Amino acid sequence: PTIFEPGATKKAAAGKDKWGYRIGTRAAAVNEVIGKKPRSEKWIRKKVGSDVSVSSHLSSLVKKKLVKKVDGKYRLRRTKK
């Protein structure tokens, strides 16, 4: 079960994630599952356990150039060394 399922208790948000989103929010949950391997929005929604706000948050991350969308899948942007 995820923290977003009815009846689940949401832990107090303490701190922020790597991109400044409050830990314990849906946005932070989405950020946590995005990795180097491209994943579909459907896969991300399933991992997060919520359909709410996933699409708009992913679009926001793409606009901020934190995440790249390739062939309909999302992954972390490669960082220059």
Side-chain angles (χ1 to χ4, degrees):
T2 69
I3 62 171
F4 305 112
E5 290 179 2
T9 57
K10 186 175 179 181
K11 294 181 180 179
K16 297 191 176 190
D17 72 3
K18 61 187 172 188
W19 292 325
Y21 292 88
R22 284 181 299 129
I23 294 173
T25 63
R26 285 182 179 92
V30 170
N31 296 350
E32 191 175 322
V33 299
I34 297 172
K36 293 179 183 178
K37 185 175 181 181
R39 301 290 187 172
S40 69
E41 184 176 328
K42 183 178 177 180
W43 184 91
I44 294 168
R45 285 182 182 166
K46 186 176 179 180
K47 279 295 201 185
V48 172
S50 175
D51 286 341
V52 180
S53 307
V54 172
S55 182
S56 61
H57 183 63
L58 289 170
S59 294
S60 172
L61 294 175
V62 170
K63 286 178 187 173
K64 292 178 182 180
K65 298 185 178 185
L66 298 171
V67 170
K68 187 168 185 174
K69 185 175 181 180
V70 179
D71 297 326
K73 296 184 177 186
Y74 299 85
R75 66 166 174 80
L76 292 175
R77 284 181 95 46
R78 293 192 177 112
T79 56
K80 295 179 182 178
K81 292 184 179 182

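Keep in mind that the numbers below use all heavy atoms, side chains included, and drop hydrogens, waters and symmetry copies. Just so you know, these numbers come straight off a predicted model, no measurement behind them. Here, residue 1 is the first one in the sequence, and each next residue gets the next number.
Side-chain contact between Pro38 and Lys68 is absent, with no heavy atoms from C-beta onward closer than 4.5 Å. Under the 4.5 Å side-chain criterion, counting only non-hydrogen atoms from C-beta, Glu41 is in contact with Leu58. Using a 4.5 Å heavy-atom threshold, the side chains of Tyr21 and Val30 count as separate. Contact annotation: the side chain of Trp19 approaches that of Leu61 to within less than 4.5 Å [non-hydrogen atoms, C-beta and beyond]. By the 4.5 Å heavy-atom criterion applied to side chains, Val70 and Lys73 are not counted as neighbours. The side-chain heavy atoms of Lys36 and Arg75, taken from C-beta on, include no pair separated by under 4.5 Å.
No donor-acceptor pair closer than 3.5 Å links the side chain of Ser60 to the backbone N or O of Ser56. In terms of modelled atom types and a separation under 3.5 Å, the side chain of Arg77 and the main chain of Lys65 share a donor-acceptor contact.
Asn31 pairs with exactly one of Arg26, Lys18, His57 by the side-chain hydrogen bond (donor to acceptor under 3.5 Å, both in side chains) rule, that one being His57.
Distance check: Ile44 CD1 to Ser55 OG gives 10.0 Å after rounding to the nearest 0.5 Å. From Ile34, atom CD1 reaches atom CZ of Arg39 across 11.5 Å, with rounding to the nearest 0.5 Å. In this structure, NZ on Lys46 lies 10.0 Å from OG on Ser40, to the nearest 0.5 angstrom.
Criterion: ILVMFWY side-chain heavy atoms under 4.5 Å apart, direct or through other members. Under it, Tyr74 and Val52 are not part of a common hydrophobic cluster.
Between Asp17 and Ala28 the shortest heavy-atom distance is OD2-CA, 3.6 Å.
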